[in-house]
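Take this structure, written in structure tokens, and hold onto it; I'll ask about it next.
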Amino acid sequence: MNSKYYFGLVCVAGLMLSTVSCKCTSGASSSDEETSVKVKQVAVFDADTAFSYVARQVALGPRVPGSRANEMCAELIINELNRHGADTVVVQKGVVKAFNGDVLPIENVMASFNSSSPRRLLLLAHYDTRPWADSDPVEDNRLKPVPGANDGGSGVAVMLEIARQLGRHNPAVGVDLLFVDAEDYGQSGGFSNHDESWALGTQYWVDHLPYAPDSLPSYAILLDMVGGIDAKFHREFFSNQSAPQIVDRVWSIASASGYGDRFVNINGGSVIDDHVFVNKAGIPAIDIIESKHDATGTFSPTWHTTNDDMDNIDRSTLEAVGQTVLNVIYNEKV
């Protein structure tokens, strides 16, 4: 993602350092768990419902922080979480300052299911969209806002369908769902110089963490750009670095659930995303994100363009991610 995406990775061989493409990183071989894990499917993810959630967000218009469409998207999320029977729904309001001096009012929305469980998991996605389509191939489009069907809409849609299933089938573990604002207002360009200009809503949430030190979630899964056509999900670098056992677990369950062709068990790119800041809060976090597209080597060709619309959303991709995460949840024990 320009400053969000580091396509070059530094590999260490003995005492020699060299910068190489992420395609040269060593692939993660299939773990013993991948070949032996057995998955109990308790809930069935409905891709049509998830697709409709993407469409409802896109119909609001670009959900740029501070806009009415952004407010309406937060209202949609809150209403759906309440409708699906969340134990609690909490709205965290704040103000953040963007890299360009813009002062942004934000709302992070957090819901809990099975809140009495002593063990919890955290799922998160951002619902805002980028104000500028600065990667659009058409120069005249680069100051237009991004529709955000995939980058913003897809993660929210998958989580709302997961919430619907959690309301129907109570999980053994507690599940918290966090919808963050102002993720995509960051500064493009440069190499690792502007990391903290991204994920402003999550940084605010971390600074006002709603957990006691002894009650943190066991781990977190971030869903970002999980609806692209024929998307494949490789093992994101920072996820492997901070929580390799969680990556192993999720990719193993994906394979056992029949989605091994989508969850490719080799290394992808390194992405500055919400999970990086969640990890800094002491919660092991991973990112399910398309970071090694066949055509671009990085993200989907629609990324940060005006083509990030409903024509480029794939129900089968939503299903692969949503069913995998549901199976992760329902195969966890307290």
Side-chain angles (χ1 to χ4, degrees), residues 1 4-5 45-65 67-77 80 109 123-138 141-164 179-186 188 198-199 201 222-233 262 271 273-274 287-291 293-296 298-322 325:
M1 282 188 174
K4 291 182 69 181
Y5 185 88
F45 187 88
D46 189 323
D48 288 334
T49 300
F51 187 88
S52 72
Y53 276 134
V54 180
R56 288 173 65 181
Q57 293 173 80
V58 173
L60 297 174
R63 283 85 64 206
V64 175
S67 69
R68 178 57 185 150
N70 180 277
E71 294 175 359
M72 292 171 68
C73 190
E75 292 168 3
L76 184 158
I77 292 167
E80 291 302 296
V109 179
L123 308 181
L124 68 154
H126 75 92
Y127 69 89
D128 65 297
T129 55
R130 187 155 179 79
W132 322 279
D134 45 354
S135 292
D136 201 286
V138 178
N141 288 339
R142 292 175 189 166
L143 293 180
K144 295 178 181 179
V146 175
N150 192 25
D151 195 358
S154 63
V156 169
V158 169
M159 281 178 45
L160 288 177
E161 168 58 8
I162 287 173
R164 190 173 74 92
F179 301 81
V180 294
D181 202 353
E183 185 274 342
D184 224 351
Y185 217 97
S188 294
W198 302 90
L222 169 63
L223 307 179
D224 196 358
M225 295 192 286
V226 291
I229 294 174
D230 297 328
K232 294 180 175 62
F233 304 98
R262 294 303 192 105
V271 185
D273 208 344
D274 299 289
D287 196 359
I288 298 177
I289 186 169
E290 183 180 19
S291 65
H293 189 277
D294 289 342
T296 66
T298 58
F299 301 122
S300 163
T302 67
W303 171 75
H304 288 186
T305 74
T306 56
N307 292 320
D308 185 5
D309 56 22
M310 291 305 300
D311 291 340
N312 290 294
I313 294 297
D314 186 341
R315 286 175 173 84
S316 66
T317 305
L318 297 171
E319 177 191 310
V321 174
V325 175

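Numbering of residues begins at 1 and proceeds along the displayed sequence. What you see below is based on every heavy atom in this structure, not just the backbone, and it leaves out hydrogens, waters and symmetry mates.
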What closest approach, in Å, do T317 and G228 show between heavy atoms, and which atom pair accounts for it?
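In this case the closest contact between T317 and G228 is OG1-O, 2.6 Å.
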
Quiz question: by atom type and distance under 3.5 Å, do the side chains of D181 and Y127 form a donor-acceptor pair?
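Result is yes, a qualifying pair exists.
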
With side chains defined as the heavy atoms from C-beta onward, is the minimum distance between T298 and E290 less than 4.5 Å?
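Contact flag for T298/E290 side chains = no.
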
For F233, check ring-ring contact (aromatic ring centres under 6.0 Å, His included) against everything at least two apart and list the hits.
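Partners of F233 under the ring-ring contact (aromatic ring centres under 6.0 Å, His included) test: F263.
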
Check whether any side-chain heavy atom of I162 sits under 4.5 Å from a side-chain heavy atom of L123, and report yes or no.
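I162 vs L123: side chains touch.
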
Pairwise distance CG(N141) to OG(S135) - rounded to 0.5 angstrom:
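Spacing of CG (N141) from OG (S135) equals 12.0 Å.
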
Taking all non-hydrogen atoms of both residues into account, name the closest pair between A125 and G155 and its distance.
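Taking A125 first and G155 second, the nearest heavy atoms are CB-C, 3.7 Å.
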
Is the closest side-chain donor-acceptor distance between S188 and R130 under 3.5 Å?
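Result is yes, a qualifying pair exists.
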
Which pairs with one or both residues in residues 47-64 pass salt bridge (charged side-chain N to carboxylate O under 4.0 Å, His left out), sequence neighbours excluded?
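Sorted result for residues 47-64: D48-R315, R56-E80.
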
Looking at residues at least two apart in the chain, or sitting in another chain, which of them share a side-chain contact (heavy atoms from CB on, under 4.5 Å) with A149?
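Residues passing side-chain contact (heavy atoms from CB on, under 4.5 Å) with A149: V54, V58, D308, M310, I313.
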
Begin from the C-alpha positions of V158 and Y53 and carry the test side-chain contact (heavy atoms from CB on, under 4.5 Å) through to its verdict.
CA-CA 8 Å; V158 169; Y53 276 134; over 6 Å; no

Hey, what do you get for CD1 (I229) to OG (S316), rounding to the nearest 0.5 Å?
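The CD1 atom of I229 sits 9.0 Å away from the OG atom of S316.
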
According to ring-ring contact (aromatic ring centres under 6.0 Å, His included), who are the partners of F179, at least two apart in sequence or on a separate chain?
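ring-ring contact (aromatic ring centres under 6.0 Å, His included) list for F179, sorted by chain: empty.
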
Report yes if the side chains of F299 and V271 come closer than 4.5 Å at any heavy-atom pair, otherwise no.
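A side-chain contact exists here, since the closest heavy-atom pair is under 4.5 Å.
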
Measure the shortest side-chain to side-chain distance between M225 and W303 over non-hydrogen atoms and say whether it is less than 4.5 angstrom.
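The answer is yes, as the side chains (C-beta and beyond) meet within the 4.5 Å cut-off.
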
Please evaluate residues D46 and R164 with respect to the criterion side-chain contact (heavy atoms from CB on, under 4.5 Å), reporting the C-alpha separation (whole Å), side-chain torsions for both, the decisive distance (0.1 Å), and the verdict.
CA-CA 10 Å; D46 189 323; R164 190 173 74 92; 3.5 Å; yes

Going through the checks in order, is the side-chain contact (heavy atoms from CB on, under 4.5 Å) test met by V146 and T305?
CA-CA 6 Å; V146 175; T305 74; over 6 Å; no

CG on L223 to CD1 on I288, rounded to 0.5 Å
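CG of L223 is found 5.5 Å from CD1 of I288.
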
Please list, chain by chain and in numerical order, all residues satisfying side-chain contact (heavy atoms from CB on, under 4.5 Å) with S67, sequence neighbours excluded.
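Result, side-chain contact (heavy atoms from CB on, under 4.5 Å) vs S67: V64, A69, N70.
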
Distance (rounded to the nearest 0.5 Å) between H293 NE2 and D230 CG:
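Result: 8.0 Å between the selected atoms.
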
Of D184, D136, T129, the residue whose pairing with H304 passes side-chain hydrogen bond (donor to acceptor under 3.5 Å, both in side chains)
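The single option meeting the side-chain hydrogen bond (donor to acceptor under 3.5 Å, both in side chains) with H304 is D184.
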
Aromatic rings Y185 and W132: how do their planes relate, parallel, tilted or perpendicular, breaks at 30° and 60°?
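The rings of Y185 and W132 stand perpendicular, inter-plane angle above 60°.
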
Tell me whether Q57 contacts the main-chain N or O of G153 through its side chain, where contact means a donor paired with an acceptor under 3.5 Å.
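Indeed, once roles are kept as given, a pair shorter than 3.5 Å links the two residues.
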
Tell me yes or no: between the side chains of H126 and D151, is some donor less than 3.5 Å from an acceptor?
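There is such a pair (donor and acceptor under 3.5 Å, judged by atom type) between the side chains of H126 and D151.
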
Is there a side-chain contact between D287 and D224 (heavy atoms, below 4.5 Å)?
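With C-beta onward as the side chain, the pair touches.
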
Donor-acceptor pair between N312 and T302 side chains, under 3.5 angstrom
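T302 and N312 do not have a side-chain donor-acceptor pair below 3.5 Å.
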
If you count every heavy atom of other residues, nucleotides or ligands that lies below 6.0 Å from L143 atom CG, does the total exceed 12?
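Counting neighbours around CG of L143, 12 or fewer heavy atoms of other residues, nucleotides or ligands fall under 6.0 Å, so no.
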
Report the residues that fulfil salt bridge (Lys or Arg N to Asp or Glu O under 4.0 Å) with D314, sequence neighbours left out, ordered by chain and then residue number.
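Residues passing salt bridge (Lys or Arg N to Asp or Glu O under 4.0 Å) with D314: R262.
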
Heavy-atom closest contact (T49 atom, S52 atom, distance):
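Scanning both residues completely, I find the closest heavy atoms to be O-OG, 2.6 Å.
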
Can you measure from SG (C73) to CG (D128) and round to the nearest 0.5 angstrom?
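CG of D128 is found 9.0 Å from SG of C73.
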
What verdict does the side-chain contact (heavy atoms from CB on, under 4.5 Å) test give for D274 and V180, after you've listed the backbone C-alpha separation in whole Å, the side-chain angles of each residue and the deciding distance to 0.1 Å?
CA-CA 9 Å; D274 299 289; V180 294; 3.8 Å; yes

